[in-house]
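Throughout, residue positions are numbered sequentially from 1 according to the sequence presented.
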Amino acid sequence: HSFLLQVALKIVDFATERSVFTPIDKVELEECLRREISALSILRHPNVIRLEEWHEIGRGRVCLVLELVVGGDLWEEIATHQRGLHEDIA
């Protein structure tokens, strides 16, 4: 039997990645991402996108293989709710 898993790929390039909230340096960004990858690698929760695997794909670049979630853009959904999202939506 063949089994196909649909996934989303996210490429993070430490040289060009910018925080939408505050400016941070490359070393801080890399450390933050490594902590997030470590946490997501073991976290299993129905409201959190699952990290299937990750790969370093060159100097300063990481490819995240994530669970594919369909149904829209989370940032757009958040932006349409001025008071935030209700817990059952978030």
Side-chain angles (χ1 to χ4, degrees):
H1 301 294
S2 64
F3 178 72
L4 298 177
L5 178 65
Q6 290 186 319
V7 296
L9 300 178
K10 178 174 182 166
I11 306 296
V12 179
D13 186 336
F14 298 121
T16 60
E17 191 71 18
R18 301 282 185 262
S19 170
V20 294
F21 301 108
T22 57
I24 57 177
D25 67 24
K26 182 179 171 183
V27 173
E28 187 179 352
L29 177 64
E30 187 171 348
E31 179 57 33
C32 180
L33 183 63
R34 291 194 187 284
R35 282 193 311 268
E36 187 169 339
I37 287 171
S38 177
L40 285 174
S41 294
I42 59 173
L43 183 62
R44 296 291 180 255
H45 189 279
N47 295 337
V48 177
I49 293 174
R50 189 173 55 252
L51 175 66
E52 299 293 343
E53 56 189 66
W54 65 279
H55 304 276
E56 290 191 45
I57 57 171
R59 187 177 173 107
R61 296 180 72 197
V62 175
C63 176
L64 304 177
V65 181
L66 303 163
E67 169 187 16
L68 178 63
V69 177
V70 295
D73 185 310
L74 179 59
W75 283 113
E76 289 177 15
E77 186 67 25
I78 291 170
T80 62
H81 294 82
Q82 293 179 346
R83 301 177 119 190
L85 295 176
H86 189 274
E87 186 175 333
D88 63 340
I89 296 171

Undergrad: Side-chain contact, heavy-atom cut-off 4.5 Å: Val65 with Leu9?
TA: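 Yes. Closest side-chain heavy atoms under 4.5 Å.
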Undergrad: Mind checking what makes side-chain contact (heavy atoms from CB on, under 4.5 Å) contact with Ile57, not counting sequence neighbours?
TA: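 Here the qualifying residues are Ile11, His55, Arg61, Cys63.
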Undergrad: Any sub-3.5 Å donor-acceptor pair from Ser41's side-chain atoms to Ile37's backbone N or O?
TA: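 Pair found, side chain donor or acceptor close to backbone of Ile37.
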Undergrad: Please name all residues satisfying salt bridge (charged side-chain N to carboxylate O under 4.0 Å, His left out) with Glu36, sequence neighbours left out, ordered by chain then number.
TA: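 Glu36 satisfies salt bridge (charged side-chain N to carboxylate O under 4.0 Å, His left out) with no other residue.
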Undergrad: Running the 4.5 Å side-chain criterion over Ile, Leu, Val, Met, Phe, Trp and Tyr, what cluster does Val70 land in, apart from itself?
TA: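 Answer for Val70: Leu68.
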Undergrad: Please list, chain by chain and in numerical order, all residues satisfying side chain to side chain donor-acceptor pair (under 3.5 Å) with Arg50, sequence neighbours excluded.
TA: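 Partners of Arg50 by the side chain to side chain donor-acceptor pair (under 3.5 Å) criterion, ordered by chain and then number, come out as Glu52.
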Undergrad: List for me each residue that meets salt bridge (charged side-chain N to carboxylate O under 4.0 Å, His left out) alongside Arg35, sequence neighbours excluded, and say none if there are none.
TA: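 Listed in chain order: Glu31.
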Undergrad: Determine, using the 4.5 Å side-chain heavy-atom cutoff (strictly less than), whether Val69 and Leu64 are members of one ILVMFWY cluster.
TA: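 Linked, Val69 and Leu64 end up in one cluster.
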Undergrad: Would you indicate whether the side-chain heavy atoms of Leu40 and Val48 approach each other to under 4.5 Å?
TA: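 The answer is yes; the side chains approach within 4.5 Å.
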Undergrad: Going by heavy atoms in the side chains, are Trp54 and Lys10 under 4.5 Å from each other?
TA: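 Side chain of Trp54 against side chain of Lys10, heavy atoms only: no contact under 4.5 Å found.
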